[in-house]
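Down below is the structure, laid out as structure tokens.
No hydrogens, no waters, no symmetry mates; every other heavy atom, side chains included, goes into these values. Start at 1 and go down the list; that is how both ligands and their atoms are numbered. As the structure is a computational prediction, the values presented were derived from the model and not from experiment. Along the sequence shown, the residues carry numbers beginning at 1.
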Amino acid sequence: MFSLLVLHLLGASVWVGGHLILLLTVVPSAMRSGDPEMIRAFEESYEKIGVPALVLQVVTGLWLANSYVPGILPALDMSDPLRTAIAWKLILLLATFVIGAHARLFIIPNLNKERLPWMAVHILLITMIALAMLVLGASVRL
Ligand code: HEM
């Protein structure tokens with residue numbers, strides 16, 4: 001249980017930290033210079049540890065959730081604060097996949113100066129969702 005939590009927190013540091021760096025330093029520079037290459041270059045190197053971090057997050061998160069609510073899916077009834085937090089984490093995970101897939105399929109392949117603001121909106125949403133997952137996670141214990 002302890003090592004699961006440590007791995008979950010390691011994944012959270014990489015996922016949330018990487019997206020904050022992207023949103024707060026890389027995106028503003030790219031927008032100022034109108035150069036989408038900066039975002040593409042960051043994504044290319046970050047995704048080598050960012051994607052495994054998200055996978056680690058999902059595996060350890062589902063494992064932890066299963067220890068609180070066996071079978072996990074009953075949490076979707078949101079009948080108490082713990083189940084509500086777990087249900088929202090699942091909903092936000094789904095939202096992360098949808099927004100990520102949309103960016104990867106429809107925006108990144110033809111990323112240019114005009115489409116940069118759309119990319120920035122996707123990065124903002126993914127980062128806000130990651131922060132919400134972190135706050136929800138902390139609320140489980142407290
Ligand atoms: C971007 C994705 C995620 C982030 C950033 C994140 C972050 C966190 C953080 C910071 C904690 C606090 C740990 C503590 O209290 O010491 C936590 C706990 C938790 N997370 Fe996540 N999490 C993510 C995804 C998930 C997913 C997909 C699930 C599955 C439902 C999940 C389930 C849990 C559970 C059950 C806990 C409570 C663990 C405990 O306190 O024993 N998480 N999460």
Heavy-atom contacts with [X] under 4.0 Å: which atoms of ligand 1 show up? List them by number with element.
X: Ala65; result: 30 (C), 35 (C)
X: Ala130; result: 5 (C)
X: Ala138; result: 11 (C), 12 (C)
X: Val16; result: 5 (C)

Ring pair (Phe, Tyr, Trp, His ring centres under 6.0 Å) involving Phe97 - partner list, sequence neighbours excluded: none

Evaluate the side-chain proximity of [Y] to [X]: yes if any heavy-atom separation is below 4.5 Å, no if none is.
X: Val14; Y: Leu56; value: no
X: Val140; Y: Leu64; value: no
X: Tyr46; Y: Leu22; value: no

List-wise, which protein N, O or S atoms are found short of 2.8 Å from atom 21 (Fe) of ligand 1? His8 NE2, Lys89 NZ

Side chain, backbone, both or neither: the part of Leu90 lying under 4.0 Å from ligand 1 by heavy atom: side chain

Below a 4.0 angstrom heavy-atom separation, can you tell me which part of Leu9, side chain or backbone, both or neither, approaches ligand 1? side chain

Rounded distance [0.5 Å steps], CD1 in Ile99 versus CG in Leu92: 9.0 Å

From Leu73 atom CG to Ile86 atom CD1, the distance as rounded to the nearest 0.5 Å: 11.0 Å

Apart from Val6 itself, what residues make up its hydrophobic cluster when side-chain heavy atoms of I, L, V, M, F, W and Y under 4.5 Å apart count as a link, directly or indirectly? Phe2

Sub-3.5 Å donor-acceptor pair from the side chain of His19 to the main-chain atoms of Trp15, do we have one? yes

Between Asn66 and Gly71, is there a donor-acceptor pair closer than 3.5 Å when you use the side chain of the first and the backbone of the second? yes

Salt bridge (charged side-chain N to carboxylate O under 4.0 Å, His left out) between Glu43 and Arg40, intermediate numbers included: CA-CA 5 Å; Glu43 293 265 3; Arg40 220 196 304 268; over 6 Å; no

In the protein, what heavy atom is nearest to [atom], and what distance, to one decimal place, separates them?
atom: atom 41 (O) of ligand 1; answer: Tyr68 OH, 2.5 Å
atom: atom 13 (C) of ligand 1; answer: Leu5 CD1, 3.7 Å
atom: atom 27 (C) of ligand 1; answer: Leu93 CD2, 3.7 Å
atom: atom 16 (O) of ligand 1; answer: Arg141 NE, 3.6 Å
atom: atom 1 (C) of ligand 1; answer: Trp15 CD1, 3.2 Å

Enumerate the side-chain hydrogen bond (donor to acceptor under 3.5 Å, both in side chains) contacts for residues 104-117, please, sequence neighbours excluded, ordered by first and then second residue. Glu47-Arg104

